[in-house]
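One is the number of the first residue; the rest follow in order along the sequence.
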Amino acid sequence: MDNADVSLLHDFTGSLQRTTGFFTEHEEVEVQFGDHRRNARLDALLETKTPDGGSCVLAIEMKRIAYPRDVRMAISHLLEYRATVPDDTRVELCVVAETISPGSRDELRKAGINYYDQSGTLYFRHRTWLVDIERAPIRPARKKDIALFSGAREQVVHALLHHWYENVDDGYVTGGALSFLSHTSTYTVSSTMQALEQLDFVESKGSGPSQRRRLRDPAALLDAWAEEWTRRREVKTRWYTYAPSGLLTDRVIEGFVRHARQEWALTGAAAANAIVPRLTNVDRVEVIVQPGEAEHLAYAIGLSQADKGANVVMIERTGASLLFLDEHPERPHSRFASRFIQYLDLLNGYGRNKELAEEFRKHALKIGSRK
């Protein structure tokens, strides 16, 4: 156990003493237990005195950042330790970490395990004592968010959601299949899936080349992607074209079919409303284009630049946004962004997009409402 872990352990005992009066009499770290051949170790074992003169042993597992998968392993290890303790010894099981995610806290409560993290959160039960202090977790460094929802890893996330949507009855997929779907390397798939598994978004079975994974909670992964999506900055240009009432979308599609030489895709309200009609009129069409192509396409199609009154918005993107394009059955040669990209682009707060986003999520993606 290093100095940071020792310091964290003492933060826990200090907080416990202040709130309950429990006093640590003896502290032991890296305690071996059970069958010596298995070399099982407990991170810490504390013998405490209670204010009423009783005693209580605390068996502790230490973590830095505790996500649900980490917590389930800690719970299993703690229960394994308790099984080796005589029945007449009162032992309370505890997880102590720098950060414990909300989902992990729920799992610990359900398992009857006490916990503490550096936000000041403390959940502790012993006989008639109950301490329940809940504070927002200290947010860990944003490396995981940035790594998952940008570049090639974002393509893997998109491919995983798309595969779930197409195979909702099973959903298991190999790394090789995801590599093909996402147009990324098997290394990128492997590292992304490991991160998603640590965050408890996916579950796996098998090992090695035959290992397969599937989404545990599509709604949670989509929400995490949406949170990152709404914060990003993008190159957008605004244009105007004349079109008779109700024909704006068709006018734009016709222009792109004729003049676009590279990948493009309709997204946002114009695309989503064609799949889940909820708006009586769409007054703006959003189109994803390749970086650097907006101005050339606009002039080729005959659009006029418009800072105000724009009814066409071009968004310069590549990568995940141009995966899984689809042709609308009533609009030949059209290119619609995938349903997941359409949904994410509805979260921009424009007009009635928020209302349409909820309907689209429920009826087109078959995923429950965003929390």
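With Tyr115 as the aromatic partner, Arg105 does not meet the cation-pi criteria of under 6.0 angstrom to the ring centre and within 45 degrees of the ring axis.
Side-chain atoms of Thr241 and Trp239 form no donor-acceptor pair, as typed in the model, at a separation below 3.5 Å. Side-chain contact, Arg90 with Ser55: no donor N or O sits under 3.5 Å from an acceptor N or O. Judged by distance alone, the side chains of Asn348 and Asn353 do bring a donor and an acceptor atom under 3.5 Å apart.
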Starting from the C-alpha separation in whole Å, work towards a yes-or-no answer on side chain to side chain contact (heavy atoms under 4.5 Å, CB included) for Ile315 and Glu286. CA-CA 7 Å; Ile315 310 168; Glu286 293 174 288; 4.0 Å; yes
Walk me through it: do Ser191 and Arg153 pass the test side chain to side chain donor-acceptor pair (under 3.5 Å)? CA-CA 9 Å; Ser191 60; Arg153 285 193 171 192; 3.0 Å; yes
How far apart are the C-alpha atoms of Tyr242 and Leu248, what are their side-chain angles, what is the distance that settles it, and do they pass the side chain to side chain contact (heavy atoms under 4.5 Å, CB included) test? CA-CA 8 Å; Tyr242 170 75; Leu248 175 62; over 6 Å; no
Check the pair Glu27 / Glu47 against side chain to side chain contact (heavy atoms under 4.5 Å, CB included), numbers first and verdict last. CA-CA 7 Å; Glu27 173 185 306; Glu47 295 177 8; over 6 Å; no
Stepwise ring-ring contact (aromatic ring centres under 6.0 Å, His included) test for Tyr343 and Phe360: CA-CA 7 Å; Tyr343 168 75; Phe360 190 82; 7.2 Å; no
List the atom pairs, with distances to 0.1 Å, where a side-chain N or O of residues 289-310 and a protein N or O form a donor-acceptor pair under 3.5 Å, not counting sequence neighbours.
unit_1	atom_1	unit_2	atom_2	d
Glu293	OE2	Gln262	NE2	3.4
His296	NE2	Arg261	NH1	3.2
His296	NE2	Arg261	NH2	3.3

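Between Glu327 and Arg331, none of the side-chain N atoms (NZ, or NE/NH1/NH2) sits under 4.0 Å from a carboxylate O, so this pair counts as no salt bridge. In this structure, Asp52 does not pair ionically with Arg127, as no charged nitrogen and carboxylate oxygen lie closer than 4.0 Å. A salt bridge does not link Glu355 with Arg278: every distance from a Lys NZ or Arg NE/NH1/NH2 to an Asp or Glu carboxylate oxygen is 4.0 Å or more. Look at Arg317 and Asp345 and you find a salt bridge, because one of the NZ, NE, NH1 or NH2 atoms lies within 4.0 Å of a carboxylate O, short of that distance. Taking a cutoff of 4.0 Å between a charged side-chain nitrogen and a carboxylate oxygen, Asp200 and Arg72 qualify as a salt bridge. Salt bridge annotation for Asp117-Arg135: absent, with no cationic side-chain nitrogen under 4.0 angstrom from a carboxylate oxygen. The residues Asp326 and Arg335 are annotated as not salt-bridged, no charged nitrogen and carboxylate oxygen being separated by less than 4.0 angstrom. Classification of Glu92 and Arg82 as a salt-bridged pair fails, no side-chain N sitting under 4.0 Å from a carboxylate O. Using a 4.0 Å cut-off between a side-chain N of Lys or Arg and a carboxylate O of Asp or Glu, Glu358 and Lys354 do not qualify as a salt bridge.
A side-chain contact (heavy atoms from CB on, under 4.5 Å) with Ile288 is found for exactly one of Leu325, Leu322, Val313, namely Leu322. Under the side chain to side chain donor-acceptor pair (under 3.5 Å) test applied with Ser204, the options Gln194, Glu197, Arg213 reduce to a single match, Glu197.
Not a single donor-acceptor pair under 3.5 Å links the side chain of Thr184 to the backbone N or O of Ala152. With hydrogens and angles ignored, the 3.5 Å screen pairs no side-chain donor or acceptor of Asn167 with any backbone N or O of Trp164. Of the possible donor and acceptor atoms, one in the side chain of Asn114 sits under 3.5 Å from a partner among the backbone N and O of Arg125. Ser76 contributes no side-chain N or O that, together with a main-chain N or O of Met73, makes up a donor-acceptor pair within less than 3.5 Å. Checked by atom type and distance alone, the side chain of Arg361 pairs as donor or acceptor with a backbone atom of Gly368 at under 3.5 Å. Between the side chain of Ser321 and the backbone N or O of Thr318, no donor-acceptor pair lies under 3.5 Å. For the pair Arg339 (side chain) and Leu365 (backbone), a donor-acceptor distance under 3.5 Å is absent. With Asn273 contributing its side chain and Leu279 its backbone, the two residues share a donor-acceptor pair below 3.5 Å. Judged purely by atom type and a 3.5 angstrom limit, Ser182 uses its side chain to pair as donor or acceptor with the backbone of Leu178.
Within 6.0 Å of atom NE2 in His333, 12 or fewer heavy atoms from other residues, nucleotides or ligands are found, so the atom counts as exposed in its surroundings.
For the residue pair Ala59 and Leu78, the shortest heavy atom distance occurs at O-CD2, 3.6 Å. Scanning all heavy atoms of the two residues, the minimum distance from Thr267 to Gln342 falls at OG1-CA, 3.6 Å. Closest of all the heavy-atom pairs between Gln155 and Ala320 is CG-N, 3.6 Å.
Ring to ring, Phe22 and Phe124 are close: their centroids are under 6.0 angstrom apart. In summary, the aromatic rings of His158 and Phe149 are positioned with their centroids too far apart to meet the 6.0 Å limit.
In this structure, Tyr81 OH and Asp43 CG are separated by 12.5 Å, a value rounded to the nearest 0.5 Å. Between the CD1 atom in Ile113 and the CD atom in Glu107 there is a gap of 11.5 Å [rounded to 0.5 Å]. Rounding to the nearest 0.5 Å places CD of Glu154 at 9.0 Å from CG of Leu323.
Within the 4.5 Å cutoff, side-chain heavy atoms of Ile60 are placed close to those of Leu9.
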